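Quick caveat: nothing in here was measured; it's all calculated off a predicted structure.
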Amino acid sequence: MEIGQEFQTAVSLHKAGKLEAASDLIEKIIGSADPNADFYHLAALIKKSQHDFNNSEKFFKKSLDIIPKQPVVMSNFANLLKIMNRLKEANQLYTSACKIMPSFFDAWLNRANLCLETNDYETAEGCFLEALRLKPDASVALKLMNLYLMTSQYHKLLTESQSFIERYTRNTQGYINQSRALAVLESTDVALKFLEQAKELVDESAEIDYEIGLINYELGKFDLAKNNLNKAVSQAPEFINAHRTLNELYFQSNDGEFLSSYKHAIQRKPASELLFHNLAAAQSSSGDIESAMRTLEIALNKVGRTPYLQHGLGALYVRTKEYEKAESLFNDALELQPNNVRFLLDQISLFIKQSNYDCQNLLDRAFNLHKFNQETWAYQGLLWRLLKDERYQWLYNYDSFLKELELPTPPSHSSSQLFMKDLNDYLGTLHVSHKQPLDQSVQGGTQTMGVLFDDLHKLVNDFKNSLQESVTDYLSSLCYDSEHPFLSRLGDNFRFSGSWSVKLKKSGHHNNHVHPFGWLSCCSYISLPDTSENEGCIKFGETSLKLGEKEETARFIQPEVGKCVFFPSYFWHGTVPFSSDSSRVTIPCDIDPVLLMN
C-alpha cells in the first residue's frame, strides 16, 4: 500500500475511534516517510484522543516546525493546551490562527469558548460576534445569549433573542431567552404572557412549559408550577430536567405524587436508561435505598448492563456497606468508560473506605481528565493525610487559606446589625419550600431557588457589594504559586459563580461535602441561633466517608452575624447541629477566578 493510501487509512481509523490501530499505522508511516506536516498533525490528534498529551504536543510542534503558519494545526494545538490548562498559550495560538486566516470560524469559536472558561466575558463576546458574522449558527447564538444572561446584559439579550427568533422561528430557545430578558426589563407577567403566546409558534412546547413552570415555582405558585412541569414531561417523557424540578417540588411540598412522573414516563419508554437512572437517584436522595436498588436491578435486566446503571447500583451498595459487590460493579463500569471522572472518584472513595490507599493511579487519571476538579483534590488531600505525606499540609494550609472576615456595612444602614436584620427579613420571603432539597448537603432546613445574586432587590445588591470588598481583601492576602491547585488559579479578577441562601431549623446541619466545580467558597452569616459549645459551628477536615477514628476535624469556627468565612472549594466542610428553636440563616457562594485573554 502506498504512503498516501496508508495515511487515508489512518485517518479513517482515527475517525472510527480505533485509536490503537490508527496510532500504530501513523507511527509506521512517520518512521518510513520523509518529514510531513500532515502526518505529524494526524499523529498529534490521535495521541490527544488517547489522552497521551505529552506526545500529542510533541507531534503538533513537529508539524508546525515544518510549516509554521498552519491555522488549523494551530487551533487544534490550542485545543490541546486548553485541556492541559495552559490557557495563555492556547489563547496565543487561537489569536495567531485568526490573524493568519481571519475567516476561520472554528478558531474564533474556540477562542470564545476558552474566554468563557476563563470568565473573560468581554473578549468571549467579541469572538462569538465575529464567529456569527462569518457564519450564522444557532448553537453559537445560544452561547452568546447565555453569556448575556450570565452577565445580566438584558438589553443585549433582548436584541439577540429577537434576531434569533427571526432566523430560527420554530426554535424554543429564542422565546425562552427573550422571556428572561422581559422578566427583568418589564415584569414576570409580561414574560409569562409572551411564553404562552410562543407555545403556538414552536414545534415542541415542552421546554416552554418547563420555563413557565420554573417562573411559577420561583413565584411560589406551586400548583401552577406542578401543572406546567407535568405538561412538559407529558410531551417529552425523557425531559430529565423537568422531571427533576417537578419531583423536587413534590418532595419539598410533601406531595404524594413524588416520583410519579418518572413511573408514568417509564410506562411510555420502558427501555429508557435515563429514566430508570434518574428515578433511582431521586429514590436514593430521598432515603429510599431499597427502592432505588430494585429500580436499577430492573433496569439492568430491561436495558442491559450499561456503565451508568452498573455504577449507580454500585454506589448504592457502598451506602449499604456491601463493598465487594460495589467494587465489582465499579470495575465493570470503569472498563466500559475508563475516562469517566465520576466513576474514578467513586472507586477512589470506595478504596479509601476499605483502607486500600493504593489508588494514586486512579487519582492521576482523574487529574489528567480534569485538573481542577475540587473533589479530586479533596481525595488527594485525604490520601496524603492518611499516608502522613507532608504534601497534605501544603494543600491544606489552614492558617493561610481559611479566613474569617467582617463584612463592610453598606452605606444604606447605620450598623451591620440593622442591615443583617433587614436582609434576613427579605430572605425569609424567598424560603418558600418546607424541607431540604433532594440532592444537597442541607439537612433539616431549606434552600432558595436559582442564583441569589441575580435578585435585583437593593438589600441583595448591597450585600453583594459588601461581599465583593471582602473577597478582594481575602485574595490580596494570597501569593501566586504555579504549582499549587488553589494559588495557581489566582487571576486578574473574580466573579461569583453560584449563590444561594440556606435556612436551618432546630437540629439542622450541613452534611460534610466539598464544592466540586468551585475554586473559592464562602459562607456569610445573616442570622444565628443562641448556641452552646460547638453547636452551629462550621467545621473543616472531617470527610463524608465516615472513616470513624481515622476522621479528623482540623478546625471549628463559631460563626458571628455579619462575618464571612472563606476557604478553597476542595476543603471538606460541614456544620454541627444545634438545639435552639431559632433559625440559622446563611448566604453561601462560590467564586471563580477571571483570567483576561485580551
Side-chain angles (χ1 to χ4, degrees), residues 1-98 100-101 104 106-107 109-111 113-114 117 307 334-344 360-373 376 482-483 485 488:
M1 190 184 295
E2 292 183 0
I3 292 289
Q5 289 177 307
E6 286 189 316
F7 176 71
Q8 290 304 320
T9 301
V11 170
S12 299
L13 288 168
H14 179 229
K15 286 182 178 177
K18 298 176 180 178
L19 301 180
E20 191 172 342
S23 180
D24 290 343
L25 182 54
I26 195 63
E27 290 191 27
K28 172 178 172 287
I29 293 168
I30 288 170
S32 61
D34 293 333
N36 182 294
D38 290 339
F39 297 169
Y40 286 129
H41 183 206
L42 178 59
L45 294 174
I46 292 168
K47 292 299 180 185
K48 176 172 172 279
S49 298
Q50 291 179 307
H51 296 275
D52 183 355
F53 297 149
N54 290 332
N55 279 316
S56 179
E57 179 179 1
K58 180 184 75 174
F59 285 126
F60 273 123
K61 286 179 175 177
K62 285 188 174 184
S63 180
L64 290 169
D65 283 343
I66 296 170
I67 305 177
K69 293 187 176 182
Q70 298 181 82
V72 173
V73 177
M74 287 176 165
S75 184
N76 285 334
F77 188 11
N79 292 342
L80 171 72
L81 293 173
K82 188 172 94 168
I83 294 171
M84 297 171 75
N85 203 50
R86 289 158 59 182
L87 305 180
K88 291 284 190 180
E89 293 174 73
N91 181 58
Q92 289 171 354
L93 280 170
Y94 287 137
T95 303
S96 297
C98 292
I100 294 167
M101 190 165 73
F104 191 2
D106 285 351
L109 178 57
N110 288 338
R111 186 170 182 233
N113 288 329
L114 170 69
E117 285 191 24
L334 267 172
E335 189 173 333
L336 292 166
Q337 283 200 2
N339 296 321
N340 187 305
V341 174
R342 179 74 269 148
F343 293 1
L344 288 166
Q360 188 60 54
N361 64 318
L362 293 171
L363 281 162
D364 290 341
R365 285 167 59 187
F367 282 131
N368 198 34
L369 294 163
H370 193 321
K371 183 176 181 180
F372 292 119
N373 182 300
T376 310
S482 62
E483 299 300 315
S488 66

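In this structure, the side chains of Ile83 and Lys48 come closer than 4.5 Å at one or more pairs of heavy atoms. Side-chain contact between Leu42 and Asp38 is absent, with no heavy atoms from C-beta onward closer than 4.5 Å. A 4.5 Å side-chain heavy-atom check between Tyr40 and Val73 finds every atom pair outside the cut-off. Using a 4.5 Å heavy-atom threshold, the side chains of Asp24 and Lys28 count as separate. Contact annotation: the side chain of His370 never approaches that of Thr376 to less than 4.5 Å [non-hydrogen atoms, C-beta and beyond]. Residues His41 and Val72 meet the side-chain proximity criterion, which asks for heavy atoms closer than 4.5 Å.
Each of Asn79, Asn113, Asp106 was scored for a side-chain hydrogen bond (donor to acceptor under 3.5 Å, both in side chains) with Tyr94, with one residue passing: Asn79. Here the options are Phe53, Phe60, Phe59, the test is ring-ring contact (aromatic ring centres under 6.0 Å, His included), and the partner is Phe77; only Phe60 passes. Residue Lys47 forms a salt bridge (charged side-chain N to carboxylate O under 4.0 Å, His left out) with just one option from Glu27, Glu20, Glu57, and that option is Glu27.
A search for side-chain contact (heavy atoms from CB on, under 4.5 Å) contacts involving Thr95 returns Asn91, Lys99, Arg111, not counting sequence neighbours. Lys69 pairs by the salt bridge (charged side-chain N to carboxylate O under 4.0 Å, His left out) definition with nothing, not counting sequence neighbours.
Atom CD of Gln50 has more than 12 heavy atoms from other residues, nucleotides or ligands within 6.0 Å.
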Verdict with supporting geometry, Phe7 and Asn36, side-chain contact (heavy atoms from CB on, under 4.5 Å):
CA-CA 11 Å; Phe7 176 71; Asn36 182 294; over 6 Å; no

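In this structure, the separation between CG on Asp364 and CG on Leu369 is 11.0 Å, given to the nearest 0.5 Å.
Between Ser49 and His14, the side chains place a donor N or O and an acceptor N or O closer than 3.5 Å (distance only, hydrogens not considered).
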